[in-house]
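Quick notes on the structure that follows.
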Amino acid sequence: MESLTTNEEQVMAIIWSLEKALVRDVLNVYPAPKPPYTTLASIMKQLEKKGFLDHRTYGTTHEYFPLVSKTAYQNRSFNQLVTNYFEGSAKNVLSFMVKEKKLSGKDLEDLEKLVETLKNQHTS
């Protein structure tokens, strides 16, 4: 699976939420500043070349739909992030998040409960 640019990720996020879309549908929900229609159409064609989208043709109109699920892309992106920046260690990710104050006390409590539950499942 290829990496996506920031603009491509933004378009994919919109298409994942819409499930299928014409270029104008994506443009209608694209946040400001909106790209020109032709630029957006080019991004969507590039996403199709990368294997993220496909389309159905109705006359001269293309209705795009995702070939890669949001979950699959999230998993790949997160695993790549962990590998490239945290030496493949979940402990390093959590340590970073705690140090950067990205986790609240409630988040930490929830994580402790989750770890305890997972430990119990593995010992049963």
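Quick caveat: nothing in here was measured; it's all calculated off a predicted structure. Because only heavy atoms are used, hydrogens play no part in the values below, and waters and symmetry mates are left out as well, while side chains stay in. Starting from 1, each residue takes its place in the sequence as its number.
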Open item on the list: Any heavy-atom pair between the side chains of Glu9 and Thr6 that's under 4.5 Å?
Closed with: no
TODO: Please step through side chain to side chain contact (heavy atoms under 4.5 Å, CB included) for the pair Leu81 and Val93, ending with a clear verdict.
DONE: CA-CA 9 Å; Leu81 176 80; Val93 173; over 6 Å; no
Task: Rounded distance [0.5 Å steps], CG in Leu114 versus CG in Leu118 - done: 4.5 Å
Open item on the list: Using every non-hydrogen atom in the two residues, find where Gly59 and Thr57 come nearest and quote the distance to one decimal.
Closed with: O-CG2, 3.2 Å
- [ ] Could you give me the CA-CA distance, side-chain angles and deciding distance for Arg76 and Val68, then say whether side chain to side chain contact (heavy atoms under 4.5 Å, CB included) is met?
- [x] CA-CA 11 Å; Arg76 181 206 158 272; Val68 174; over 6 Å; no
Task: From Gln46 atom CD to Leu53 atom CG, the distance as rounded to the nearest 0.5 Å - done: 10.5 Å
- [ ] For Thr60, check side-chain hydrogen bond (donor to acceptor under 3.5 Å, both in side chains) against everything at least two apart and list the hits.
- [x] none
TODO: Output the distance between atom NZ (Lys106) and atom CG (Leu111), rounded to the nearest 0.5 Å.
DONE: 10.0 Å
Open item on the list: Is the distance from the ring center of Tyr73 to that of Phe52 below 6.0 Å?
Closed with: yes
TODO: Check step by step if side chain to side chain contact (heavy atoms under 4.5 Å, CB included) holds for Leu22 and His62.
DONE: CA-CA 6 Å; Leu22 308 175; His62 291 356; over 6 Å; no
- [ ] Go through the side-chain N and O atoms of Asn120 and Thr117 and say whether any donor and acceptor fall under 3.5 Å apart.
- [x] no
Open item on the list: side chain to side chain contact (heavy atoms under 4.5 Å, CB included) for Asn92 and Tyr85? Distances and angles first, verdict last.
Closed with: CA-CA 9 Å; Asn92 290 348; Tyr85 296 99; over 6 Å; no
- [ ] Might you point out which heavy atoms bring Ser89 and Val82 nearest each other, and give the distance in Å?
- [x] N-CG1, 3.7 Å
Open item on the list: Return the CE to CE distance between Met44 and Met12, rounded to the nearest 0.5 Å.
Closed with: 9.5 Å
TODO: For Lys50, check salt bridge (Lys or Arg N to Asp or Glu O under 4.0 Å) against everything at least two apart and list the hits.
DONE: Glu8
Counting only pairs under 3.5 Å, give me each side-chain donor-acceptor contact of residues 29-43, with atom names and distances, residues two or more places apart or in other chains.
unit_1: Tyr30; atom_1: OH; unit_2: Gln10; atom_2: OE1; d: 3.0
unit_1: Lys34; atom_1: NZ; unit_2: Leu27; atom_2: O; d: 2.9
unit_1: Lys34; atom_1: NZ; unit_2: Asn28; atom_2: O; d: 3.3
unit_1: Lys34; atom_1: NZ; unit_2: Tyr30; atom_2: O; d: 2.5
unit_1: Ser42; atom_1: OG; unit_2: Thr38; atom_2: O; d: 3.0

Task: Over 12 non-hydrogen atoms of neighbours within 6.0 angstrom of CD in Gln74 - done: yes
- [ ] Spell out, yes or no, whether Leu47 and Leu67 are grouped together once hydrophobic residues are joined by side-chain heavy atoms under 4.5 Å, including indirect joins.
- [x] no
Task: Phe65 atom CZ: more than 12 heavy-atom contacts under 6.0 Å - done: yes
